[in-house]
Amino acid sequence: MAAADRAIRARLPLVDLVLEVPATSAFELLHRRSPEEPDVRRLVALNKADLADKSETEKWVAFMKQRGCSCIAVNSHSRESINELLNAVRGRIREIKLGVSDCTGTVLLVGIPNVGKSAIINAMHQIGRIGAAEKGKLKHAIVSSHPGETRDISGYKVASHPNIYVLDTPGVLSPIFANDESGPRLVLTGAIKDSLVEEYEIAQFLLTVLNLRTECREWENLNLDGDKSSFADAIPTRSCHTKRQYSSDHTQDFIVRAVRQALSETIASFQGDLGNENDLRRLVEIQFTHLQNAFRISAETIEDRNKCVAVKLLNLYRTGRLGHYTLDHVPDVRQEVAA
């Protein structure tokens, strides 16, 4: 990671535009400009917008623009969203190149691990190749749910007129994250390998976050699509076209409903003070017991059962099945001004 950091910094003066994913990144030198000075060489892409809280994403986009930095919400699995990102990149390159259409622009794609940089570049490259006069060979960046798969810097052509090449880079974390409160959130989102932290501890942090939010309290009256209805109404009726139900598959709808119901009921019936750390920890322990039944887990030891619950719960969270969350809230501008 240190070597990747040095290689990225060496290329910064040589590229026309830096495409940063997400807003929190390790490249502090890009942030040292005056807030009043628009940074034309920087474009922030908030990827995985489909998994985030839409209202919070809108606040982040507005906040970044208020700071003089262009920002766009992106879903790398949506062609429409990638087209919007490509248009933003084209517009910025034309602005940097003073409107010259027959030119070449270079973009450096940077960010922390496992935020979808390679997925973005694959989608941009595929769309750009379709519109190019000379197709060339279609390349694929390695896409994985695990951080650290991209190890080298590779170039991909994503547009013609102007010709735009994007450099995909390995994810880099700032050393300050080791002692920063961002650490648990980075582990939860998968930016840090789960093997470095016990899944049980990560799931405990996730449940702490969920318990302090209001979404779980609303699940009792929400089905999987977010429409107002009871859990009973949301359960599909059996038919020849109904997907077969397997209790061992935790991604099946009826399992997800059981998980949501277990969390909402434990919160509703809990008599303790969620503002008290010990009471909150006690609620998390109660929820692990209820989730064992929701996931249909029958492991022999408590440790094995808790690990199975943790792995399945984290998977549902990271794929958006437990709802859409944004862990980092927009800073209060008034407090920053006062400071």
Check: Which residues pass the ring pair (Phe, Tyr, Trp, His ring centres under 6.0 Å) test with Tyr165, sequence neighbours left out?
Finding: none

For the pair [X] and [Y], find out whether any cationic side-chain nitrogen is under 4.0 Å from an anionic carboxylate oxygen.
X: Arg281; Y: Glu277; result: yes
X: Asp273; Y: Arg282; result: no
X: Lys307; Y: Asp304; result: no

Linking I/L/V/M/F/W/Y whenever any side-chain heavy atoms sit under 4.5 Å apart, do [X] and [Y] land together?
X: Leu327; Y: Leu274; answer: no
X: Val21; Y: Val15; answer: yes
X: Leu51; Y: Leu85; answer: no

Item checked: Distance-only polar pair, side chains of Asp168 and Ser118, donor-acceptor under 3.5 Å ->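 Per modelled atom types, Asp168 and Ser118 side chains form a pair under 3.5 Å.
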
Notebook entry, point to check: Would you call the rings of Tyr325 and Tyr317 parallel, tilted or perpendicular if under 30° counts as parallel and over 60° as perpendicular?
Noted result: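 Because their plane-to-plane angle lies in the 30° to 60° range, the rings of Tyr325 and Tyr317 count as tilted.
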
Quick one: does [X]'s side chain get under 4.5 Å of [Y]'s, heavy atoms only?
X: Ile255; Y: Leu316; value: no
X: Ile267; Y: Gln287; value: yes
X: Ile127; Y: Leu86; value: yes

Check for a donor-acceptor pair, side chain of [X] on one end and backbone N or O of [Y] on the other, with a separation under 3.5 Å.
X: Glu265; Y: Leu263; value: no
X: Arg305; Y: Phe288; value: no
X: Arg321; Y: Asn315; value: no

